[in-house]
Amino acid sequence: MNHSITIEEQRHQVWKTGTIVAGAITILFSFLFWYQSDPLWVGILRLIAFIFFSLTVFGALKLLDGPVSITITSTPTHIQVNYRQDEKTVQQEEFEQTAIKDFVLTTGDKSPLKHYLHPRSATLKVRFNDGHRDLHLFEYGGRILFFNESTLLEVQDFLHGQHNHMERSEKE
């Protein structure tokens, strides 16, 4: 019997606001260097305009990516994690139920800036039976995905329930 749950990556409004502000500052400094006659100030203002233009481009690319939606499916033998972006599956992972010891909710390993941007965010780590180091359950594109802490508590309960159900089935 398959059971699944879907969650969405936590995103902050700072990307949209920051991109708009950086774009406005780019336009401001572009006009300033355009109407400046001193070559030294033209170079300085052009550099500042280029820096904020770069920030605008990076912010726009981040906004175009959109949030990652994750569907966790639990079968009696495996846990499958499907990453979707814009209704298209972009990555799939599969874990054997027998290799998993526990799922641990963690809010650590974050810089102070991320604590400011995502104050109530957390992620899950998988603790395996072989005793090796814990791995993050949700990783996409080389980055750890963070979610609302209350949502992850539901996911953790779901995974513990499925994992305990699988262990009871093996004992019987």
Side-chain angles (χ1 to χ4, degrees), residues 2-23 25 51-167:
N2 292 351
H3 299 284
S4 65
I5 188 169
T6 302
I7 57 176
E8 191 169 294
E9 175 187 16
Q10 184 180 25
R11 296 183 57 102
H12 198 275
Q13 189 67 22
V14 75
W15 288 106
K16 186 175 182 180
T17 306
T19 302
I20 292 169
V21 168
I25 292 173
I51 290 169
F52 281 101
F53 174 74
S54 300
L55 292 174
T56 303
V57 170
F58 288 136
L61 290 174
K62 177 74 172 176
L63 290 173
L64 285 175
D65 271 349
V68 176
S69 174
I70 297 176
T71 303
I72 305 154
T73 306
S74 178
T75 65
T77 58
H78 291 87
I79 292 177
Q80 298 169 335
V81 182
N82 294 320
Y83 298 82
R84 298 178 62 84
Q85 204 167 29
D86 297 329
E87 301 303 321
K88 183 176 119 183
T89 301
V90 292
Q91 181 176 322
Q92 293 181 341
E93 296 176 350
E94 189 171 85
F95 300 95
E96 288 185 23
Q97 290 269 17
T98 57
I100 297 172
K101 181 178 180 181
D102 196 14
F103 298 97
V104 180
L105 185 75
T106 180
T107 57
D109 299 350
K110 292 193 323 181
S111 68
L113 178 63
K114 285 188 180 179
H115 276 295
Y116 170 73
L117 295 177
H118 303 290
R120 295 203 171 267
S121 61
T123 190
L124 281 177
K125 284 189 173 183
V126 180
R127 188 167 288 151
F128 293 100
N129 289 329
D130 60 6
H132 287 83
R133 71 181 185 109
D134 301 342
L135 295 177
H136 290 279
L137 181 60
F138 305 117
E139 275 191 43
Y140 173 70
R143 64 185 172 95
I144 299 166
L145 301 179
F146 288 95
F147 302 88
N148 189 322
E149 196 169 346
S150 61
T151 303
L152 272 185
L153 287 173
E154 292 175 20
V155 171
Q156 188 179 24
D157 290 342
F158 168 78
L159 291 170
H160 279 293
Q162 297 302 316
H163 191 67
N164 291 340
H165 177 71
M166 190 270 313
E167 286 177 350

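Just the heavy atoms: all of them, side chains too, but no hydrogens, waters or symmetry mates, feed the values below.
Under the side-chain hydrogen bond (donor to acceptor under 3.5 Å, both in side chains) criterion, Q91 pairs with E93, not counting sequence neighbours. In terms of the side chain to side chain contact (heavy atoms under 4.5 Å, CB included) criterion, residue partners of I20 (sequence neighbours excluded) are, by chain and number, K16. For E8, the side-chain hydrogen bond (donor to acceptor under 3.5 Å, both in side chains) criterion is met by no residue, not counting sequence neighbours. For T6, the side-chain hydrogen bond (donor to acceptor under 3.5 Å, both in side chains) test picks out T71, with sequence neighbours left out. By the side-chain hydrogen bond (donor to acceptor under 3.5 Å, both in side chains) test, E154 pairs with no residue at all, sequence neighbours left out. Not counting sequence neighbours, the partners of I25 by the side chain to side chain contact (heavy atoms under 4.5 Å, CB included) test are V21, F29, F52.
Interatomic distance, CD1 of I72 versus CD of Q80, reported as 11.5 Å (0.5 Å rounding). Of the inter-residue distances, the one linking I144 atom CD1 with E139 atom CD reads 5.5 Å to the nearest 0.5 angstrom. Note that CD of Q92 is 4.5 Å distant from CG of N82, once rounded to the nearest 0.5 Å. To the nearest 0.5 Å, atom CG of residue L64 and atom CD of residue Q85 are 10.5 Å apart. Taken to the nearest 0.5 Å, the CG atom of L145 stands 9.0 Å off from the OH atom of Y140.
In this structure, F95 places its CZ atom where more than 12 heavy-atom neighbours from other residues, nucleotides or ligands lie under 6.0 Å away.
F158 places none of its side-chain heavy atoms less than 4.5 Å from the side chain of L153. Residues I70 and F147 form a side-chain contact, since some pair of their non-hydrogen atoms from C-beta on lies under 4.5 Å apart. Looking at I79 and Q97, their side chains come closer than 4.5 Å, going by heavy atoms from C-beta outward. Contact annotation: the side chain of V68 approaches that of R143 to within less than 4.5 Å [non-hydrogen atoms, C-beta and beyond]. At a threshold of 4.5 Å between non-hydrogen side-chain atoms, the residues L159 and L137 count as touching.
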Next item on the list: Output, in order, the C-alpha distance, side-chain angles, deciding distance and verdict of side chain to side chain contact (heavy atoms under 4.5 Å, CB included) for V126 and F103.
Entry: CA-CA 5 Å; V126 180; F103 298 97; 4.1 Å; yes

Notebook entry, point to check: Which is it for I100 and N129 under the side chain to side chain contact (heavy atoms under 4.5 Å, CB included) test, yes or no, and what are the steps along the way?
Noted result: CA-CA 6 Å; I100 297 172; N129 289 329; 5.9 Å; no

Next item on the list: Using the side chain to side chain contact (heavy atoms under 4.5 Å, CB included) rule, take V104 and L124 through it: C-alpha gap first, then chi angles, then the decisive distance, then the call.
Entry: CA-CA 6 Å; V104 180; L124 281 177; over 6 Å; no

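Side chains of T89 and R84: a donor-acceptor N/O pair is present below 3.5 angstrom, by distance only.
Judged by distance alone, with hydrogens and angles left aside, the side-chain atoms of S4 form no donor-acceptor pair with the main-chain N or O of T73 at under 3.5 Å.
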